[in-house]
Amino acid sequence: MWDTSKDYRLIVAQKAVEQFVRTIEGANLRGSWNKKNVLVTAKNMLPEIQALYYSYVPLEDIASSSHMQSLLDGVDQIISDLGGENYSRQFLSQLNKEERMKLDEPLAKIKFFINTIRGLPDRLKLGEIDDPIIGVDILVGKLASVSKHPDSDSLMVCNVNLGKRAITVITNDMTVKDNDHVAVALLFPTSFMGIASEGMFLGAGEGILKGVQGELGSLPKRVDMDAFIETRNMVDSFINS
């Protein structure tokens with residue numbers, strides 16, 4: 001029997017909710033939104049995850065369970081209480097340039113929470129995998145634009161097309177260029193001198209993997225396991241933070 005209490009997907013999901021609550025409590029989010037409802041809904045998601053922890057039922061059943069549906073409904077309610085699907089744009093419109101830069105990381109953390117919960121059913125359906133990398137989405141992306149970090153000569157800012165959405169990834173691989181096909185692990189955001197990186201490119205040895213096969217937004221195909229080492233370490237670090 002699979003030990004759901006040690007499933008990395010559920011552990012990361014719980015951590016994402018906890019971090020989201022702290023982000024909402026500390027972020028400078030102005031405008032018309034319902035902070036009280038957002039926090040209540042998020043905190044109510046924690047016992048739903050706990051119920052999944054100790055269910056010890058097949059992962060396919062967990063993915064389609066009433067507890068999972070409550071989590072997904074909770075995310076939808078939170079988005080509504082934040083002001084709708086365009087919540088990010090609405091919050092940023094209330095701020096000047098300097099204030100918007102400070103809000104970049106909190107907004108990325110909110111997005112991480114939303115995407116982590118919404119992607120949980122599909123990750124569970126991948127089956128019994130005892131590896132930290134299963135706790136986050138790892139997807140094929142295409143570099144839509146690449147530019148040097150405005151405050152660092154050793155970092156590149158990449159806008160990554162994942163098919164249905166786009167994210168920002170900061171890398172120290174100076175050879176990246178527009179239209180590169182890469183594999184991206186969607187990790188808890190980290191700020192690099194004012195710009196939040198929403199993930200990390202897979203790679204091993206000489207820079208990041210390029211020419212990765214697979215449809216945009218899907219699991220990458222035929223990736224060497226050595227390319228996952230740093231992602232595994234980062235997920236472990238997030239869980240233990």
Evaluation steps, side chain to side chain contact (heavy atoms under 4.5 Å, CB included), between Val235 and Ile133
CA-CA 7 Å; Val235 174; Ile133 62 174; 5.6 Å; no
Under the 3.5 angstrom rule, does the side chain of Asn115 hit a backbone N or O of Lys111 as a donor-acceptor pair?
yes
Which of parallel (below 30°), tilted (30 to 60°) and perpendicular (above 60°) describes Phe91 and Trp33?
perpendicular
Straight-line distance of Ile170 CD1 to Thr190 OG1, nearest 0.5 Å
10.0 Å
So, do Asp137 and Arg123 sit near enough that their side-chain heavy atoms are less than 4.5 Å apart?
yes
Less than 4.0 angstrom from a charged side-chain N to a carboxylate O is my criterion; do Glu25 and Lys35 meet it?
no
What are the two closest non-hydrogen atoms of Ile117 and Pro121, and how far apart are they?
O-CD, 3.6 Å
Do Val184 and Leu139 have side-chain heavy atoms sitting under 4.5 Å apart?
no
Side-chain donor/acceptor of Asn96 to backbone N/O of Glu99, under 3.5 Å
yes
Within the 3.5 Å criterion, strictly below it, is a donor on Asp73 or Gln69 matched to an acceptor on the partner's side chain?
yes
Salt-bridge contact Asp153-Lys148 (side-chain N to carboxylate O under 4.0 Å):
no
With a 3.5 Å cut-off and no angle check, do the side chains of Gln90 and Gln94 form a donor-acceptor pair?
no
In the single-linkage hydrophobic clustering (I, L, V, M, F, W, Y; side-chain heavy atoms under 4.5 Å), do Val57 and Leu124 co-cluster?
yes
Start with the C-alpha gap between Lys177 and Leu143, add the side-chain angles, then the distance that decides, and say whether side chain to side chain contact (heavy atoms under 4.5 Å, CB included) holds.
CA-CA 7 Å; Lys177 59 185 184 300; Leu143 301 193; over 6 Å; no
Quick one: CG on Leu71 to CG on Leu52, what's the gap to the nearest 0.5 Å?
6.0 Å
Treating His181 as the side-chain partner and Leu209 as the backbone partner, does any N or O pair qualify as donor plus acceptor under 3.5 Å?
no
Beyond-backbone contact of Pro150 with Ile195, side-chain heavy atoms, under 4.5 angstrom
yes
How about CZ on Arg89, more than 12 heavy atoms from neighbouring residues, nucleotides or ligands closer than 6.0 Å, or not?
no
Intermediate values then yes/no, side chain to side chain contact (heavy atoms under 4.5 Å, CB included), Tyr8 and Asp236:
CA-CA 9 Å; Tyr8 284 104; Asp236 268 332; 4.3 Å; yes
Shortest non-hydrogen separation from Arg165 to Ile167 and the atoms involved
NH1-CG2, 4.4 Å
Using the rule that Ile, Leu, Val, Met, Phe, Trp and Tyr join whenever any side-chain heavy atoms are under 4.5 Å apart, tell me whether Ile11 and Met45 fall into a single cluster.
yes
May I ask you to decide whether Asp180 forms a salt bridge with Lys142, counting only side-chain N to carboxylate O separations under 4.0 Å?
no
Are Phe238 and Phe112 an aromatic pair, judged by ring center distance below 6.0 Å?
yes
N/O donor-acceptor pair under 3.5 Å between Asn34 side chain and Asn37 backbone
yes
Smallest separation among heavy atoms of Thr116 and Ala16, with atom names
CG2-CB, 4.0 Å
Close side-chain approach of Ile239 and Lys15, heavy atoms under 4.5 Å
no
So, for Cys158 and Val176, which heavy atoms are closest and what is the spacing to 0.1 Å?
SG-CG2, 4.0 Å
Run the side chain to side chain contact (heavy atoms under 4.5 Å, CB included) check on Lys36 and Asp81 step by step: do they pass?
CA-CA 9 Å; Lys36 179 180 179 181; Asp81 287 328; over 6 Å; no
Between OG on residue Ser88 and CG on residue Leu107, distance to nearest 0.5 Å:
4.5 Å
Please say yes or no: joined through hydrophobic side-chain contacts below 4.5 Å, possibly via intermediate residues, are Ile62 and Ile134 part of one cluster?
yes
Measure from the side-chain N and O atoms of Ser80 to the backbone N and O of Asp76, and report whether any donor-acceptor pair falls under 3.5 Å.
no
Short side-chain to backbone donor-acceptor contact, Thr4 and Tyr53, under 3.5 Å:
yes
So do the side chains of Met234 and Met200 get within less than 4.5 Å of each other, counting heavy atoms only?
yes
Atom of Val136, atom of Leu186 and distance for their closest heavy-atom approach:
CB-O, 3.5 Å
Under 4.5 Å between side-chain heavy atoms, hopping through other hydrophobics if needed: is there a path connecting Ile229 to Phe188?
no
Is Glu60 paired with Lys125 through a side-chain N to carboxylate O contact shorter than 4.0 Å?
no
Side chains of Val182 and Val169: does their closest heavy-atom pair fall under 4.5 Å?
no
Test item: Thr41 side-chain N/O and Val38 main-chain N/O as donor-acceptor pair under 3.5 Å:
no
For Thr171 and Asp173, does a side-chain donor sit closer than 3.5 Å to a side-chain acceptor?
no
State, with a plain yes or no, whether a side-chain heavy atom of Trp2 is found less than 4.5 Å away from one of Asp130.
yes
Take atom CE of Met225 as the centre, draw a 6.0 Å sphere, and report whether it contains more than 12 heavy atoms from other residues, nucleotides or ligands.
yes
Only one of Ile24, Ile79, Ile78 passes side-chain contact (heavy atoms from CB on, under 4.5 Å) with Ile110, and that residue is Ile24
Connected via hydrophobic side-chain network under 4.5 Å: Val40 and Phe20
no
How long is the straight-line distance from OG of Ser93 back to CG of Asn86, given to the nearest 0.5 Å?
10.5 Å
Distance in Å, Arg30 CZ paired with Leu103 CG, rounded so as to fall on 0.5 Å steps:
9.5 Å
Side-chain heavy atoms of Met68 within contact of Leu120, under 4.5 Å
yes
Supply the atom-to-atom distance Met101 CE to Leu95 CG, rounded to the nearest 0.5 angstrom.
12.5 Å
Nearest atoms (heavy-atom pairs only) where Val12 meets Gly135
CG1-O, 3.4 Å
Answer yes or no: is there an ion pair linking Glu105 with Lys109, defined by an N-O contact shorter than 4.0 Å?
yes
